[in-house]
Amino acid sequence: MSLREACESGKFVVTAEVAPGKGTDVEHLLKDAAIIKDRVDAINVTDLQSSVMRLGSMAFCHLLTDMGIDPVFQVTCRDRNCLALQSDLLSAWALGIRNVLALTGDHPKLGDHPTARPVFELDSVTLLDVIGKLNSGVDMVGNELKGAPDLFPGAVVNPGADNEAAMDLQIMKMEKKIEAGAKFFQTQGVYDLDAFEKFMKRIEGFKAKVFGGIILLKSVGMARFMNKNVAGVFVPEPLIQEIKDAEDKVQASMNIAVRLVKGMKDLCDGVHMMTLGWESKIPGILDEVGL
Amino acid sequence: MNNFEPLIAVFSCHYCSYAAADLAGSSRIQYPPNTRIIKVPCTGRISVNHILRALECGADGVYVAGCLEGTCHFVSGNFKAKQRVQSAKSLLGEINIEPERVQMYFMSAAEGSKFANVAKEMTETIKELGPSPLKGTNTQ
Amino acid sequence: MIVAERKPMEEILAEIEDFQKILVLGCKGCTTVCCSGGPKEVETLSTLIRMDRKQKGKEVETLEASTELQCEPESVKPMLENLANQYDVVLSMACGAGVQTVAKLFPDQRVFPALNTNFTGMAEEHGVWTEACLACGDCILGKTAGICPVTRCAKGLLNGACGGASEGKCEVSKDRPCAWQEIYHGLKRLNLLHYLKEKPQVKAWPIHPGKVVREDLRQEKAT
């Protein structure tokens, strides 16, 4: 079943995420993908995440399609102008890629080429708009296409924005993304189900699927790092303590993920598992939850 | 080098250090004869260029002597002078001249002995640094 | 104003190394206001050049002058013509537009920049300037509570915040506020938050170099 079919069927969707590395070595990533292939509805492939130069998303998505996996092609607006973005979307379709996640992208300053020239000619909203136009058979300036794609567009939302202004801006942008054609949303990592429930109440009636983000807590250090440096991610102290006190830290991390996924089953339409190299833990977690 | 006697320009505030110099004189406090005092109405009048020009014209060292912090007759002239001294120091560094040749001091009109001590200290500092590198070749 | 900073002395001194008669040419416009290239800075730079040469035992003559506006030919041309033959190089303390005006008017003359031109900005306080305008040619400040997202959002986003801000600060640097959160607060104060819900826009980028022609002002047309 494709991601689009899964969304339309109304089932609880599970997506995962892999991040190509720096260099051409993809063997271990393909192995990880094979392990979770039959447990997830789609696998996202990140686009130079954190603005670090890496192997591209499109190529790796194509490798996943070869394995019979439905990939989600993450596309940021950081590195390409509107010509390159549109061209890449058509190319992706030609390579069998069906889902696109439209992102603004991190600033190059955050990555390993900090003085690279940022583009951001389009942003997540206008990129979704462009995907809609390509799907309808024209490019963004209205020229007709010979053969149009039928990409399934998604976007992201950050339910943990840290102040009222940031939250209102998130919601307004989410509405704009839906108007521009986003069919599904994958959220930033969620650790506080009560706060997430409030967020879901606030967007009640929005016509798009929402997959709650799960980031596996690999260590206490990682939790603290995210609290300090990752916008909108907040790991509550008791969870950090739980990992700290546990003898088997991997098990503790998985236990937390299981609780979060269980909680989300009643709150939203799916989960997006960001496992940062621990892709092999996904089947265990899903077994526990019964997915 | 041993008998090097530096020439030191002092930009001295009318309201404090200039009076302190007077007091040092009338109290017969000894201090080195190397300083040349230039009276200014307030050290806030001193620009970076004044300091640099003094060095260009032959001074081996320059210092600005303003009022104690918080007692400037014109409220903040001494703080402005302090910033400009700092800026002159960093400019000197950029053209490979020792920034220590330029200093900022604060004193009150009643501190005749401080004026003398500062003159001594500065004379010693410049003696240690040697003649201004601008003097090697030229003519002024 | 155009905000510029003096280049490191080492770089300036290397530029003019082979010249003896140096015209240090300030500008009484923007670079005076941002304290990088006005008459005062001309004095200081000239002194530093003389001190450096004296130290090295090399002759130099500095000539100090400042144009009203170095980007205006009528301000530059007569001044440099009056000073003709008194210098063999121009060290300009204007912005890049000023340096280029001198170069264009006097194509046989060597001209060097003493400043690095940073941006069009505004003074936050004396001694602190921030970039405010990218001169994009299509001003939307009326819609954004007087805060330019093209310039003050690190990504130049037009359709709302990227979500990377934390505690109101931009993901690029903690000393920069998120422009979109500032716009939000500004519009909220003005009761105009609905502006944020307007149709998404894609910017039509100007083609560089820009050119403005005002037929009503051109001299040739009048004669």
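Just so we're on the same page: letters track the sequence lines, and every chain starts at 1.
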Please flag which part of Glu198(C) lies under 4.5 Å from any non-hydrogen atom of chain A: side chain, backbone, both or neither.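 For Glu198(C), the backbone is the part near chain A, not the side chain.
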For Ala161(C), which atoms come within 4.5 Å of any heavy atom of chain A: side chain, backbone, both, or neither?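 Both parts, heavy atoms under 4.5 Å.
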Taking Val172(C), Leu158(C), Leu157(C) one by one, which has the highest count of heavy-atom pairs under 4.5 Å against chain A?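 Top count of heavy-atom pairs under 4.5 Å with chain A: Val172(C).
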Please state whether the side chain, the backbone, both or neither of [X] comes within less than 4.5 Å of a heavy atom of chain C.
X: Asn229(A); result: neither
X: Asn158(A); result: side chain
X: Ala166(A); result: both
X: Glu164(A); result: both

Top of Asp129(A), Val156(A), Asp168(A) for chain C proximity - count of heavy-atom pairs under 4.5 angstrom: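 Among Asp129(A), Val156(A), Asp168(A), the one with the most close pairs to chain C is Asp168(A).
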Between Gln188(A), Lys173(A), Lys109(A), who has the most heavy-atom pairs with chain C when the cutoff is under 4.5 Å?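 Top option by heavy-atom pairs under 4.5 Å: Lys173(A).
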For side-chain hydrogen bond (donor to acceptor under 3.5 Å, both in side chains), just list the numbers for Asp123(A) and Thr126(A), CA-CA rounded to whole Å, side-chain angles, deciding distance to a tenth of an Å, and then say yes or no. CA-CA 5 Å; Asp123(A) 55 38; Thr126(A) 47; 3.0 Å; yes
Within a 6.0 Å radius of atom NZ on Lys22(A), are there more than 12 heavy atoms belonging to other residues, nucleotides or ligands?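 Correct, the count exceeds 12.
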Just checking His126(C): does its NE2 atom have more than 12 heavy atoms from other residues, nucleotides or ligands closer to it than 6.0 angstrom?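 No - once you tally the heavy atoms of other residues, nucleotides and ligands closer than 6.0 Å, there are 12 at most.
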Judged by modelled atom types alone, do Thr130(C) and Glu124(C) share a side-chain donor-acceptor pair under 3.5 Å?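 Yes, side-chain donor-acceptor contact under 3.5 Å.
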Output yes when Lys155(C) and Glu171(C) qualify as a salt bridge under the 4.0 Å nitrogen-oxygen rule, no when they do not.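 Salt bridge: yes.
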Does any N or O in the side chain of Asp269(A) come within less than 3.5 Å of the main-chain N or O of Val13(A), such that one atom is a donor and the other an acceptor?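 A pair under 3.5 Å: no.
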So if I apply the side-chain hydrogen bond (donor to acceptor under 3.5 Å, both in side chains) rule between Asp47(A) and each of Arg54(A), Arg80(A), Arg78(A), Gln74(A), which one comes out positive?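 Passing option: Arg80(A).
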